[in-house]
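Please read the structure below before turning to the comments.
Naming: A, B, ... by sequence-line order, numbering from 1 per chain. All values reported here derive from a predicted model rather than from experimental measurement.
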Amino acid sequence: MTEGTPEHAAREVLESLLADLDQRRIDGTQTPLEEALLHLLRFTGFPRAFLTKARRLADLARKLQDGQADAESVRPRLLEGLAKLLADWPEVAGGAQVEPSIPSPPPMPEPSRAGDLESAFPVHDLTRIFLQGQVDRIQEFEVLCLEREKGVREATGRLLGLLHNLKGEYGVLDMRDWNALIHGLESSLQSESVTTDELLQVADLLGRQVSSLASGQSLAVPPEMIRRFLSEDPPGMAPSSPASFKSSPSPPSSTGTPVASPVPPVPAPTPAPAAPGSGSRSGSNGPASGSMAPWLQDPSFLVDFQNESLEHIRSIEIALLRLETTPDAEDALHSAFRAFHTIKGLAAFLKLHGIRKVAHAAESVLDMVRRRELELQSAHVDVLLVATDALRTAVTRIDAGNPSATTGGREHLVSEEAMHRLLHPETIDTRPAESSLPEMESPLGKILVSEGVATVEQVNEALSLQSHGDDRPLGEILVHDLHLKASDVGQALGQQARARQDGGSAMRDPESTFEGLAPVLEKKEGARDPGGAGVASPTGASTVEDSIRVPVDRLDQLIDAIGESVIAQSTVFADPRVASVQDLSLEKKMAQASMMLRHIQELSMSLRMVAIRQTFQKMSRLVRDLSRKQGKLVDLELEGETTELDKTVVENIGDPLVHMVRNSVDHGLEGPEERRSSGKSERGRVVLRAFHKAGSVHVEIEDDGRGLHRDRILAKAVAAGIVKPGQDLSDADVWRLIFHPGLSTAEKVTDISGRGVGMDVVKRNIESLRGSIDIRSVPGRGTCFTIRLPLTLAIIGGMVVRVGRERYIVPTLSVHTSLMPVADQISTVAGRGELLNLRGELLPLVRLHDLFGVSRSSSLQESVVMVVEDSMGRRTGLVVDEILDQQQVVVKTLGAGVDAAAMTGAAIMNDGTVSLILDVAGLVRLAREE
Amino acid sequence: MDATTTVGNATENAVGQRLAGKYLTFRLAAEEYGLEILKVQEIIQLQSITRVPRTPSYVRGVINLRGKVIPVVDLRSKFNIEPTEDTEKTCIIVVQIRTGETLLVTGILIDEVREVLDIQAENIEDAPTFGASVETEFILGMGKVNGQVKILLDIDRVLTDSEASSLRAATIG
C-alpha cells in the first residue's frame, strides 16, 4: 500500500476513527464512521469477504449513530470489528482503485463540485435541486443493492422506496423513458427477477445520466435496457407504445423552458375537453396487492412515511392557499401536485390504500388544472383542503408500533360526497359562498356566450346537469343535450386554448368582462397583502429552498462546541502569562484570532434561527377556515414573515398564536352586517406582524374589530372577586385582567367581552419563552396584542451577583430595579420577615444567603437589593452581596439528574467555571413557602 | 457448563459469568471498588465544582465538562464515609448511565483511580449479606484479584434509584 493513494487515505481515516471510538470521542450522534466504511465499498480489488465485513461494520456504526441500539453493546463490537478489519487489511497489488468495476465509471458530480457545475452551465433550478439529491440517491442505491445481495431484510423495501421516489422525480422532469425504465426495474425487483449486477448496471446508467444532465444533456436509455425492463407492465404514466421509449433527445427542462418558469415543461394545453374518467389518468401504479411484504413490518418505514407525508401536507397547504389567491402560480400548482403524487406513491408502496385513494384523487384534480382542463376555483381549493385534512388525520393516526393494524385500513378517509367531488372536480359548484351573484365559472361557457353561440341559460342548464352528477364535459353536454353545433363548440375550445397560450389567464385582461368578477376582486384584495398568503412576493415565490437538513442535536453540539472554544480562548487570553505579553504583532494576531472566533460563534447562533414564515402561514389556513365557518369576511395580512427567531421560540409560539388569532376572528371581528352598520368595511382585517425592535422580536396580532369592552371585563372581574368594586384601574390594568386565570376560564365572559378563553395559558406559554405580552385596544376600532420575544433562548442577558463566596446569575429581564437600601427603608414584621419600603410600596425581602445556606457576611445596608417581579406582578426584593458584572451568557441545562427548584440552568463563565442561573419565580415561591 | 455441576456451583458461576469482564478499579477510603468499564466515559482531574444549593449533601455540585454541565456526586458522602480533604489523587470518574430513555452523564468523586482489571468469572462471587446494617443493594458482586477483594458497584443503582428521586424531593421540600 503506497502512501498518498486513496486506499491509504481511507485506511488512515479509519485508524483515526478507531482511536476516536476507543477514547469515546464518538458518541451516539456523530459518527463519520459509517461513511468511512461505506467508502471502502467503492474500492475494487479488495476481496469480497473484506468488503462484506466493512459493510457489516457500517451497519453497526449506523446503529450507533441512529441510537437504534444500546451504544454500550454496540461500541465494543464495533471496536473489535474495526481493529480486526484494519489488521486484516488486504494487500492489493498496485493499490486498490476507487472506481467501481462494473461497467465504465460514470464521472459523478461530487457535491463539492456543484458550484463549478453551476457556474459553468446555467443549470435550471429544479434540475439543479434534482441533481444535488441524485448523487446521494445513487450512492444509496448502490449500497442497498449490495445489502440486498447479502440478504439484509429491509434492503429490498428501502430499495423499492428509493426507486419509487426516483421514478417520481424523473416523472416530474418529464423524462418519460427514464421514468419507465425505473418503473420496470421496480416491478422486476418486486417479483425478485433482477440480479444485483443488473441493478448496479442501472445505477451506473443513472449516474451517467446525472452527470450528463449536469452539463445540460439528457441521455437516451440504451435499447437493451428498454428490452430488459420494459417487458414488465408499463407504468400508468408512461406512454404505452414501446416505440416512444426510444425517444430521448428530450432535453432537461434547463434548456427546454424559458427561465421565467421555475418548473419543468408543462404538457401542452389540451384543447379537447377532458375525456371521461381522465381523473384516473396518472393512476394506479402501486405495487400489486398481496400479503404484506416483510419489509413493511419495519416500523421505521412508517415513521419515515409519516414524517415525510406531514411535510408534504404542509407544503400542499401553503401551495393551495397561494393558488387560491394566485391561480396562475404554476410553481405552487406543481409543488402541490408533486406533493400529492409523492404521498400517493409512498402510500401505495406501503399499501395504505385509503391514503393512496385520496391523494390520488387530489392529484388528479391538480393534474387537470395542470393540463388546463379545469380552472381552479376557491371551491376546488376547499375540496382539496378537505382532502389534505383527511390525509393529515390518516397519516397521524398511523401506528408505527403496529403497522399491520394500519396497513389493512381500507376505510374511507373522506365522505363519499367529498370523494365524488374530488373525482369529478368539474362538477363542483364554484360559486363563491359569500356572494349571491350568479356566476358562470366555466370559461368555455363564457366564450360560448360571448361569441353568441350559446345563451346564458343554455350554459347554466349544462352546468346544472354537471352539478347533478353528469360527469361529461361541458362541451359534450352542450352539443348532445342542448343541440349546439359541434363545430362552434370546437371553435370556442380552440379559442380557449389560444387564450391560455397567450400567457395567460384572462384574469390579466381587463377587457375580459366575462371573467368571474369575484376572483378579480379577490386578487385585488390579495394584492394589498405584501407577501401575505404568498402573493407573488419574491421570497414567497419559491417553495423549494436550497438547504441541507441537519439534525437539531448535531447543530446544538456544534453551537456548544463553538461556545466552548470561545471560552477556552478567553481563558488563554486571561492567563497572566499571555496577558503580560507586550508584543504588538502577537497582540494583533491574537485579536485577529479572537475576532474570527466571535464571528464563527455569531454564525453558529444564526444556524438555529428560522423565519417565522411557516408559523404565520399556518394561520392563513386557520383564518380561512374560521371565517368560512362563521360567515365572516376576513383578510389576513402577514407582515415580516422573514423575521427570524430561535427555532424553539418559533415552534412554541405557534400555539399561543393560534389561540389569539382564533380569538381575534371569533370574538374580535364582527360579522359583515354589524361591520356595515358601524360604518366599517365589510371585510374584517387581521394583521399578523413580526419585526425586530430593541434587541427583541415583536409579534403583533392586530384586528379592526370591536375592541375590548372595559366595563364588562371590569364587571366580571369584580364578580369573580379579582378586583374590588370601585377600584380605580387604568385601561392597561383592565386589559391585563383577561390574562387572569379566574377571569379567562369563565366561559361566559368570553361570549360577552370577546376575549379571554385560555388567555392565561397564552400568557404562561409566552412567559415560558421568556417573553411578555401587551394589549392595546380601542373600543369599536380594534385590538392589538404585542408579544415581545427574545431573539434566542440560548443566550440571555444576566447580572452576575455575589452571594457569600458564590456567584449566581439573575436574568436581567426579571430585574425591575436594584438598589442599596438605607436603614429607614427596612422594617421587620413580627421579628421575622423583612420588608423594604420602595417609594411607598412594601416589598418582602428574601435573603439568598438563607435560602442557599450561605453564612451572611454583610449587613443589609451593605447589600444590594434586586427588585424582581413575577408573572402575577408581585414584587419581591432579593438580597445579594453585590452585583459583579452584567453579561450575555449561554444558557445550559443543568445536568440531567440535578433538579433544582430555584435554578433555570447554568452558564459557563469566562474562567471556565459554572454559574447557576436563578429562576426568579421559583425562588420567590420557595421563599414564600418557608 | 457441565450439566452435572451442583446447584450451588451453578448459581455461583452464573453470577460470575454475568459479571465477568473489565472493571475500572478505584479507592474510596480503605476499600477498593470496581466499575464496569463500559459505563465509564472518562476520568478527569478534580476541577472547581460549583455547589448547587438545596441539593442533598452528596451532590458536590456541577462542573463544566467541555461545555456540558454535569453533576458530580461525592461517593464518600453517598456511602456515609467520613469526609476528607481533597488530595491531588482525588479525581472524577465520568460515567454514563441509562435511565429509561435518557442517557445520564454524571461525575463521581473518588479518592484515587487504580487500574483496569479483567476479572474472570470464577473470581466473582455474589454480594455477601451482612444483615440489615450494611446496604448491599449497590453491589453487583465481589471480585477477588490477587487475594484482594474489589467491590463491584452497580453504579446505575447508586446514581439513579434513590438518587434521582431524592434529588428532586430535596429541592422541593
Contacts of type ring-ring contact (aromatic ring centres under 6.0 Å, His included), residue B:Y23, not counting sequence neighbours:
none
So how far is it from A:M903 CE to B:T55 OG1, rounded to the nearest 0.5 Å?
8.5 Å
Please report the shortest heavy-atom distance between A:V914 and B:V62, naming the atom on each side.
CG1-CG2, 3.7 Å
Quick check: closest heavy atoms across B:N64 and A:G912, and the distance to 0.1 Å?
ND2-O, 3.0 Å
Does B:E115 have more than 12 heavy atoms from other residues, nucleotides or ligands lying within 6.0 Å of its CD?
yes
Given side chain to side chain contact (heavy atoms under 4.5 Å, CB included), test A:L851 with B:R54 step by step and report yes or no.
CA-CA 8 Å; A:L851 219 49; B:R54 309 179 70 86; 4.0 Å; yes
Atom pairs and distances, side-chain donor-acceptor, residues 795-809 of chain A, under 3.5 Å, sequence neighbours left out:
| unit_1 | atom_1 | unit_2 | atom_2 | d |
| --- | --- | --- | --- | --- |
| A:R802 | NE | A:E882 | OE2 | 2.8 |
| A:R802 | NH1 | A:G804 | O | 3.0 |
| A:R802 | NH2 | A:E882 | OE2 | 3.2 |
| A:E806 | OE1 | A:Y808 | OH | 2.5 |
| A:E806 | OE1 | B:R51 | NH2 | 3.2 |
| A:E806 | OE2 | B:R51 | NE | 2.6 |
| A:E806 | OE2 | B:R51 | NH2 | 3.3 |
| A:R807 | NH2 | A:T913 | OG1 | 2.8 |

Check this for me: B:K144, atom NZ, are more than 12 non-hydrogen atoms of other residues, nucleotides or ligands nearer than 6.0 Å?
yes
